[in-house]
Amino acid sequence: FAKQSGRDAVRRFNWELKDALIHKTELIKDLRQAILNQEFYLLYQPIVNKHGVVLKFEALIRWQHPEKGLIAPDQFISYAEESGQIIEIGHWVIQEAKQALGAIRSVYGENIQIGVNVSPIQLSKQQDGNGLLLADLLSKESCGNGQNSLVVEITEHLLMNLDESTRDALLAFREKGIQVALDDFGTGYSSLAYIMNYDIDYLKIDQSFVQKLGEEHASQTLCEAIISMAHALGVSVIAEGVETKEQANLLIGYGCDYLQGYYFSRPIPLDQVLIFKQDKLI
Ligand code: C2E
Ligand code: MG
Ligand code: MG
Ligand code: MG
């Protein structure tokens with residue numbers, strides 16, 4: 001009997017594996033049409049300062065699949081990276097964010113910035129020159145204060161296996177005044193020494209730490225330490241995934257520069273961004 005159910009488990013496992021493979025193959029095939037058919041769109045999530053004033057947005061992609069419905073980035077970005085389609089998608093994201101910038105500026109002022117997530121593939125060796133192209137594309141938009149209006153968000157994992165073309169791209173960003181944010185900070189193993197080497201402008205504390213604030217003493221210590229070390233290096237800190245007033249207050253108390261999360265606003269479409277403007281979210 002035990003043998004029988006073991007065999008069933010193996011069979012079930014094989015089916016699940018097969019389903020997952022079919023799903024993946026289908027999605028990669030469907031990605032080819034997605035840009036052409038205008039199935040992607042961007043949502044924008046506000047980022048506020050300690051007074052609750054909106055100073056930045058993060059652009060977040062969504063895929064409205066004709067049959068499968070709405071697909072979140074966690075469900076398709078890794079496939080697009082594997083198949084190389086992330087290059088084309090990444091360009092679309094930047095073009096789209098640039099297009100939105102004019103309207104967003106007219107409501108929020110010249111100094112508003114938009115963070116765009118950039119995949120390591122977009123900067124890597126396999127795509128020679130792409131990182132430099134990206135720097136060119138990004139640099140056409142500068143804000144009132146001399147900084148670029150678009151901020152590149154990369155994950156800290158990128159800095160850990162850095163190839164030459166990625167290094168070139170990061171240097172090009174610096175030369176062109178394009179700011180760089182290190183996303184999901186704390187989930188990898190990067191040391192703050194990397195940050196000094198590559199002139200990172202912002203650290204984004206990963207939401208897993210933010211959400212344990214007030215529950216777990218270790219998270220408090222960690223957030224506090226990240227913020228003070230970042231400041232010692234001249235880097236500003238953005239806390240991700242702030243969901244409660246308590247988390248917001250603790251972070252502000254630690255000197256956190258910017259806050260982002262459902263407590264302030266979920267990611268919203270452009271038309272809502274343009275009517276959303278409030279003086280303060282706290
Ligand atoms: P990320 O860059 O770390 O973005 C933050 C994610 O946290 C977003 O998920 C956002 O909706 C979610 N979030 C924001 N505030 C809260 C909160 O208070 N609570 C919780 N539970 N979640 C919150 P989303 O939009 O599903 O994006 C997931 C990831 O997909 C992003 O993580 C980013 O790595 C990637 N991604 C999104 N858009 C793009 C893109 O255009 N290009 C690339 N390459 N990756 C993208
Ligand atoms: Mg991000
Ligand atoms: Mg993140
Ligand atoms: Mg800089």
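Ligands are counted one by one from 1 in listed order, and the atoms in each one are counted from 1 as well. Small disclaimer: the values here were computed from a predicted structure and weren't measured.
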Under the criterion side-chain contact (heavy atoms from CB on, under 4.5 Å), which of I47, I205, D206 is the partner of E240?
->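 The option that passes is D206.
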Report the part of L42 in contact with ligand 1, treating N, CA, C, O as backbone and CB onward as side chain, heavy atoms under 4.0 Å; options are side chain, backbone, both, neither.
->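 Near ligand 1, L42 shows nothing, with every heavy atom at 4.0 Å or more.
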Could you tell me how the ring of W92 sits relative to the ring of F40: parallel (under 30°), tilted (30 to 60°) or perpendicular (over 60°)?
-> tilted
Measure the acute angle between the ring planes of W63 and F76, then classify it against the limits of 30° and 60° as parallel, tilted or perpendicular.
->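 W63 and F76: perpendicular rings.
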Checking heavy-atom distances from atom 4 (O) of ligand 1 to each of V116, L60, I94, the winner is L60
With atom 41 (O) of ligand 1 as the reference point, say which of I86, I89, T244, V93 has the nearest heavy atom.
-> V93
2.8 Å cut-off met by an N, O or S atom of D184 to the Mg ion (ligand 3) | yes
Taking 2.8 Å as the cut-off, does an N/O/S atom of D206 lie below it from the Mg ion (ligand 3)?
-> no
Metal-centred angle, OE2 of E58 through the Mg ion (ligand 2) to OD1 of N117, rounded to 10 degrees | 90°
Rounded to 10°, how many degrees is the angle OE1/E153-the Mg ion (ligand 2)-OD2/D183?
-> 90°
With a cut-off of 4.0 Å, which atoms of ligand 1 are near a heavy atom of P267?
-> 11 (O)
Return a yes/no value: protein heavy atom under 4.0 Å from atom 32 (O) of ligand 1?
-> no
Has ligand 1 got any nitrogen or oxygen that is less than 3.5 angstrom from a nitrogen or oxygen of [X]?
X	answer
I61	yes
R62	yes
Y263	no

Keeping the roles fixed (side chain from E153, backbone from V180), state whether a donor-acceptor pair exists under 3.5 Å.
-> no
Has E240 got an N/O/S atom less than 2.8 Å from the Mg ion (ligand 2)?
-> no
Heavy-atom count around E88 CD within 6.0 Å, excluding the residue itself: above 12?
->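 No.
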Starting from atom 12 (C) of ligand 1, which protein heavy atom do you reach first, and at what distance in Å?
->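 Atom 12 (C) of ligand 1 sits closest to the protein heavy atom Q207 NE2, 3.8 Å.
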State whether Y263 and K245 meet the cation-pi test: NZ (Lys) or CZ (Arg) under 6.0 Å from the six-membered ring centroid, and within 45° of the perpendicular axis.
-> no
